[in-house]
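Notes follow once the structure below has been shown.
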Amino acid sequence: MARLSFATLRILVTSALPYANGDIHFGQVAGAYLPADIFVKYHRLRGSDVVYVCGSDEHGVPITMTAQKQGLTPREVVDKYHVRIREAFKDFGIEFDNYSRTSLPLHHETSQGFFRRVYDKGYIKPRTTRQLYCPCCKMFLADRYVEGICPNCRAEGARGDQCEACGRWIEPFDLIEPRCKTCGETPEIRETKHWFFALSRFQEPLRKWLASKPDWKPNVRRFCEGWFKAGLRDRSITRDLSWGVPVPLEEAKDKVMYVWFDAPIGYVSSTKEWARQQGKPDRWRDYWEDSSTRLVHFIGKDNIVFHAMVWPAMLMAFDEWVLPTEIPANEFLNIESRKFSTSRNWALWLPEYLSRFPADPLRYALAVNLPENRDVDFAWRDYHARNNNELADILGNFVNRVAVFLHKNYSGRVPDVTADDDAGLEVLKAIEAAPGRIATMIDGFRIKDAAREVMTLPALGNRYFDKQSPWRSHTDDRQACDRTMATCVRLISALEVLLYPFLPHTSRRIGQMLGLGVRSWADAANPAIPGELGEPTILFTKLDDTFVDAQMARLGAEPEDTKEAQVISLDEFKKVELKTARVESAEKVEGTDKLVKMSIDLGGEKRQIVAGIGKAYRPEDLVGKTIVVVANLAPAKIRGVESRGMLLAAVDGDEIALVTVDRETKAGCEVS
RNA sequence: GGCGGCGUAGCUCAGUUGGCCAGAGCAGCGGAAUCAUAAUCCGCGUGUCAGGGGUUCAAUUCCCUUCGCCGCCA
């Protein structure tokens, strides 16, 4: 019950700062951003004093590496991704009160002030350590940027932190023949001084503090227990790097803060920036310095240690700002039953998605299956079904059938009555109960449940509409029909509000139809109805049957049944007409480097085909070759160029080898 | 190797102070209706709750163990 008091308190919500060296993917969305946005939107409707901040995390070694790889400066890298990330969030309907970035002077000042104060209190001390240094790159090397021979299994290419081959962990000094991953030079061991945060001194305070959070999610509590058991160790919080927040100590002029140290302080900087934008520069203190503030960090489980241990310890050391009140950490999102892997490109990217599809169906598909309790699977098949069966058929169709009915039979006017019959009252009761029920779920961070609960209402509407059969009562019993329609509109009116946190774009479109203006969460319990309804609109477009396959192909997925190879009959195979053909001429398709346009001789018949082999073959080398083509493939236009057939080739990534014949034959031979 | 997690209907997931005949959505099957984006509504599940053992009057839920998957740490 304590959580119900949220509405009367000040709430500061954060989502993990996304690292600015890549795009946002579905896993991050489901873990840290969508649930937070739903939580915040709901609280705004409720009139809570809520501020939602986030920003790009722009420091650290990986960004300097990305910069090097792409031939850019770190600044150019973060500028690029900061904008991409910010815009993707905006298009997805995530509404931060402020989206900042850690490379701003404001953040540097804030972090330095934080460091200085904690240092002055004696929680930060220097130590001398040994580290690998690359004389060529003139920098100390992070463990994973050193390669060599694994001391355990003798495999080549082992990284300084772990050997891929045997899976064992390695100390970088133990690598045989170590090399700098960037330039290949042999690094040397050098001494360097680093400053350590006295995390070990906070073991007991942290343990006590966590004991006061019995209702936190078990995944968070278990993670921490594991760390307590092992014992907390002091952590190095400085790095020999030029890209980052300079350490504010005379004797550490050439060092920057470890990115994990300054990143969480970004929550504060972002709040400060927000306050300035509000024209009340001190307003941030109302949140960070008021012990009644509920500080809520939405994160993925990979961030638990930092948010539940290191960051609170930092805050204890700093001793002026509030500690996290809630850390609703989510688990991971798998894609089509396989783990997310950005390196293998087994990933789905938000900007890519938004360039082709609307935000709300994805918000829904993710919300209704959030990884709240365990890792969860995202499948396009599921997305397709949710969009068609639930959004379009149940929600969209309910709104549509009501609107169309009113326009056909009532000229769009909504009967000004309140139902008092049993069936009507049952619906009104359900509407009245909904905001409270859903609120309890959201406040308890059961957002998945909440999303499903909302969708219960349009289903109820359909049932009610069917049972009342207004298409009949319209002639039999006009008053009954009036009651039914008024009740249905009331339900839609409630939905505009209740749907908003989950499907903001859809909610707005319903709102345009109703024209009732801004209403609060509480208003949804007893929703107003307009005198007249706007034109019916189709809220969701149905996806056809090719959708899933198309998305799977984009994902670079192998066919679903690669494991058990699909068996086809001889008859099925015989449908494919394979023939030999001689290439007579070939040229690149203009504006592409991959497509080659060929004129081929199929034994008396000339044809034009297009194939994506430009990276592996030069057009002039193709002329005269005898190749094998599928002769009865439906013609297709590729980049506007007609292709009447498909050539066969062995494909291994970018390695392509044409299928040819072993002995000269005439063109147009059947291949069987 | 140490610690921890997960394994529930064809699919995706709920289900902790141990006890109502173990649930929902989707898919599937049957039926009704026809206002609506061929959209809706109603009815239909004997699931070894991964396998085995134990505690208990009673276990999906607690303990031990085996198998499979995963994470953290060294």
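Just so it is clear: chains get the letters A, B, ... in the order the sequence lines come, proteins before strands, and each one is counted from 1.
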Donor-acceptor list for residues 411-431 of chain A side chains, cut-off 3.5 Å, not counting sequence neighbours:
residue  : atom : partner  : partner atom : Å
A/Thr418 : OG1  : A/Arg490 : NH2          : 3.4
A/Asp421 : OD2  : A/Gly424 : N            : 3.4

Quiz item: side-chain hydrogen bond (donor to acceptor under 3.5 Å, both in side chains) with A/His25: which residues, sequence neighbours excluded?
Solution: none

Exercise. Check RNA chain B for consecutive Watson-Crick or G-U pairs with both distances under 3.5 Å and list the runs of at least three as stems.
Key: B:1-7 with B:67-73, B:10-13 with B:23-26, B:28-32 with B:40-44, B:50-54 with B:62-66

Quiz item: Under 4.0 Å between a side-chain N/O of A/Arg386 and OP1 or OP2 of B/rC11, yes or no?
Solution: no

Self-check item: Residue A/Asn397, side-chain heavy atoms: nucleotide from B/rA39, B/rG4, B/rA74 that is nearest
Solution: B/rA39

Practice problem: Looking only at side-chain atoms of A/Lys229, point me to the closest of B/rU40, B/rG25, B/rC3. | Solution: B/rC3

Practice problem: Inspect the surroundings of CZ in A/Arg207 and state if more than 12 heavy atoms from other residues, nucleotides or ligands are less than 6.0 Å away. | Solution: yes

Practice problem: For A/Lys542, check side-chain hydrogen bond (donor to acceptor under 3.5 Å, both in side chains) against everything at least two apart and list the hits. | Solution: A/Asp393

Practice problem: Check A/Phe340, A/Tyr353, A/Phe26 against A/Phe378 for a ring-ring contact (aromatic ring centres under 6.0 Å, His included) and give me the one that passes. | Solution: A/Phe26

Self-check item: Side-chain N or O of A/Lys542 closer than 4.0 Å to phosphate OP1/OP2 of B/rA39
Solution: yes

Quiz item: Can you check whether A/Lys339 has a side-chain N or O nearer than 4.0 Å to OP1 or OP2 of B/rG71?
Solution: yes

Quiz item: Are A/Arg363 and A/Phe502 in a cation-pi setup, meaning NZ or CZ lies under 6.0 angstrom from the ring centre and within 45 degrees of the ring axis?
Solution: no

What's touching nucleotides 6-10 of chain B from the protein side, N or O pairs under 3.5 Å?
residue : atom : partner  : partner atom : Å
B/rG7   : OP1  : A/Arg374 : NH1          : 3.4
B/rU8   : O4   : A/Arg374 : NH2          : 2.9

Quiz item: Is there a side-chain polar atom (N or O) of A/Lys408 under 4.0 Å from OP1 or OP2 of B/rC35?
Solution: no

Quiz prompt | Contact under 4.0 Å: A/Arg463 side-chain N or O vs B/rC42 OP1/OP2 | solution = yes

Self-check item: Closest listed nucleotide, where the reference is the side chain of A/Arg452 and the choices are B/rU37, B/rA24, B/rU40
Solution: B/rA24

Are there any protein N/O atoms within less than 3.5 Å of an N/O atom in nucleotides 28-34 of chain B, and if so, which ones and at what distance?
residue : atom : partner  : partner atom : Å
B/rA33  : O3'  : A/Arg472 : NH2          : 3.4

Quiz prompt | Working for side chain to side chain donor-acceptor pair (under 3.5 Å), residues A/Asn387 and A/Tyr364 | solution = CA-CA 8 Å; A/Asn387 180 75; A/Tyr364 181 68; over 6 Å; no

Exercise. Considering only atom C1', compute the distance from B/rG45 to B/rA24 and round it to an integer number of Å.
Key: 13 Å

Exercise. Give the nucleotide from the list B/rC35, B/rC13, B/rG4 with an atom nearest to the side chain of A/Phe405.
Key: B/rC35

Practice problem: Report yes if at least one side-chain N or O of A/Asn388 is closer than 4.0 Å to OP1 or OP2 of B/rU37; otherwise report no. | Solution: no

Quiz item: Which part of the nucleic acid does A/Phe540 contact within heavy-atom distance under 4.0 Å: base, sugar-phosphate only, or nothing?
Solution: base

Quiz item: Is there a side-chain contact (heavy atoms from CB on, under 4.5 Å) between A/Arg338 and A/Ser341 once you walk through the steps?
Solution: CA-CA 9 Å; A/Arg338 275 164 58 181; A/Ser341 166; over 6 Å; no

Exercise. Measure the distance from CD on A/Gln468 to P on B/rU40 and round it to the nearest whole Å.
Key: 19 Å

